[in-house]
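Below, each value reflects all heavy atoms present in this structure, side chains not excepted, and no hydrogens, waters or symmetry copies. In each ligand, atom 1 is the first atom listed, and ligand 1 is the first ligand listed.
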Amino acid sequence: MIKIQEQNLIKKHVKVMSMISLGIESTAHTFGVGIVDDKGRVLANESKSFFPDEGIHPREAAVHHTNHAVSVINAALDSAKIDISDVDIIAFSQGPGLSPSLKVGAVTARTLALGLKKPILGVNHCIAHIEIGRMKTKAKDPIVVYVSGGNTQIIGLSGGKYRVFGETLDIGIGNMIDKFARKVGLGNPGGPIIEKIGKKGKYIELPYSVKGMDLSFSGLLTSAVNMVEKGRKIEDVCYSLQHTSYAMVCEVAERALSHTGKKEVLLTGGVAASLMLKDMLGTMCQERKASLKAVPRDVAGDNGAMIAWQGLIEYKAGRRQKIEETEVNPKWRTDEVEIGYL
Ligand code: AMP
Ligand code: MG
């Protein structure tokens with residue numbers, strides 16, 4: 001009898017205690033560790049990024065992540081002012097991404113989970129971008145414009161899965177911008193640099209390529225580099241490269257709103273930092289009487305907090321994973337994941 005009372009007390013106590021999740025992000029250039037609690041508070045979000053001048057090499061990125069894993073974890077624990085033993089669950093990016101980079105995150109997560117005897121959950125990186133965005137902006141059922149280095153997708157929830165309505169057929173919009181900046185000698189990462197230079201530029205025509213609901217950026221990249229080589233003003237090319245690629249994204253997002261009848265756009269991914277893109281999507285949304293919600297900058301790019309949050313909501317919804325199921329999945333698609341928690 002006493003035992004049952006004790007158990008009830010413990011259960012009650014567990015219910016009011018908040019859970020803490022530590023998330024590891026390592027899909028591409030960033031090794032990030034975030035710590036969040038189940039109220040959605042970001043207690044820490046530390047990272048170390050690898051942006052070599054000649055572009056990202058998967059094996060070198062993996063070496064970078066391996067070298068920085070321990071210091072980034074310690075930095076996150078320090079900023080959260082917690083001990084590693086306070087963490088209740090270890091989450092990590094299981095895919096999609098560069099295989100060698102993903103493996104560093106997975107091995108780190110397994111080591112922590114096994115050592116601490118805590119549950120582990122591998123989550124989908126793209127969905128983590130969406131869910132931290134929904135949590136932070138209070139968007140309910142948005143069309144998601146996910147624009148990052150490696151990914152460019154227009155997504156919406158339908159029938160229990162995040163469906164990809166449109167996406168890039170070749171390179172991600174951020175990679176296109178970064179490659180352009182590198183090829184014309186502006187440095188890396190290119191996004192913030194070309195945004196600054198392009199402010200003084202004027203529009204010149206560049207290839208605009210929307211195919212149905214999909215996008216293609218490689219022709220635009222080649223043409224923009226050619227323009228600079230032929231002596232066109234760098235500020236005009238920077239302005240027009242952004243304007244053209246963002247107009248393509250706006251067109252697909254607008255059509256997704258129109259097809260689905262949804263009334264919100266959630267802008268996320270590292271390219272969401274672009275003021276020009278925010279402005280253009282804002283105008284489109286206003287015309288359609290939809291609202292634009294941009295994910296705050298600190299959690300818009302690749303980061304560990306979004307992985308921690310995704311792990312936490314999936315764990316709370318009952319998802320569990322055995323260590324044998326934590327092999328990375330570099331080609332894991334957004335629309336393969338059953339969204340059981342909504
Ligand atoms: P992510 O892969 O989500 O971490 O995003 C990284 C990408 O965001 C890189 O390709 C950056 O060049 C890009 N980026 C960052 N700031 C800006 C900006 N202001 N305008 C355009 N792209 C940006
Ligand atoms: Mg990303």
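Among protein heavy atoms, atom 18 (C) of ligand 1 sits closest to Gly191 C, 3.6 Å. Among protein heavy atoms, the minimum distance from atom 16 (N) of ligand 1 is reached at Pro192 CD, 3.6 Å. For atom 20 (N) of ligand 1, the closest non-hydrogen atom of the protein is Ser274 CB, 3.4 Å. If you check which protein heavy atom lies closest to atom 13 (C) of ligand 1, you get Val271 CG2, 3.8 Å. Among all protein heavy atoms, the one lying closest to atom 4 (O) of ligand 1 is Asp302 N, 3.1 Å.
Salt bridge Asp335/Arg333: present, at least one basic N to carboxylate O contact under 4.0 Å.
Checking Asp88, Leu112, Leu43, Ile89 one by one against Leu22, the side chain to side chain contact (heavy atoms under 4.5 Å, CB included) holds for a single residue, Leu112.
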Exercise for review: Walk me through it: do Cys126 and Asn151 pass the test side chain to side chain contact (heavy atoms under 4.5 Å, CB included)?
Suggested key: CA-CA 8 Å; Cys126 308; Asn151 297 286; 4.3 Å; yes

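Within 6.0 Å of atom CD in Gln286, 12 or fewer heavy atoms from other residues, nucleotides or ligands are found, so the atom counts as exposed in its surroundings.
Distances between N or O atoms of Gly269 and those of ligand 1 include no value under 3.5 Å. Close N/O approach between Gly270 and ligand 1 is found [any backbone or side-chain N/O within under 3.5 Å]. Taking any N or O of Gly174, backbone or side chain, at least one lies under 3.5 Å from an N or O belonging to ligand 1. The N/O atoms of Asp178, backbone and side chain alike, include one that comes under 3.5 Å of an N/O atom in ligand 1. The distance criterion of under 3.5 Å between nitrogen or oxygen atoms is met by Glu195 with respect to ligand 1.
Thr30 and Ser49 share a donor-acceptor pair across their side chains, judged by distance under 3.5 Å alone. Remark: the Thr334 side chain and the Gln153 side chain contain an N/O donor-acceptor pair separated by less than 3.5 Å.
Smallest separation of non-hydrogen atoms from Ala80 and Ile35: CB-CD1, 3.9 Å.
Taking the six-membered ring for Trp and the full ring otherwise, His259 and Phe165 have centroids separated by 6.0 Å or more. Taking the six-membered ring where the residue is Trp, the centroids of His129 and Tyr146 are separated by under 6.0 Å.
Listed by atom number, the atoms of ligand 1 under 4.0 Å from Ala273 heavy atoms are 16 (N), 19 (N). Counting the atoms of ligand 1 from 1 in the order shown, those under 4.0 Å from a heavy atom of Gly149 are 1 (P), 2 (O), 5 (O), 6 (C), 7 (C), 10 (O).
Counting heavy atoms only, Tyr246 comes closest to atom 21 (C) of ligand 1 of the residues Phe51, Tyr246, Tyr146, Phe180.
The shortest heavy-atom distance from Thr30 to ligand 1 is not under 4.0 Å.
Note that the NZ atom of Lys140 and the CZ atom of Arg134 stand 9.5 Å from one another [nearest 0.5 Å]. Annotation: the span from Asp302 atom CG to Glu25 atom CD amounts to 4.5 Å, rounded to 0.5 Å.
For Cys126, every N, O or S atom stays at 2.8 Å or more from the Mg ion (ligand 2).
Residue-level proximity to ligand 1 for His29 is carried by the side chain, the only part with a heavy atom below 4.0 angstrom.
For His129, the N, O or S atom closest to the Mg ion (ligand 2) goes by the atom name NE2. Within Asp302, OD1 is the N, O or S atom that lies nearest to the Mg ion (ligand 2).
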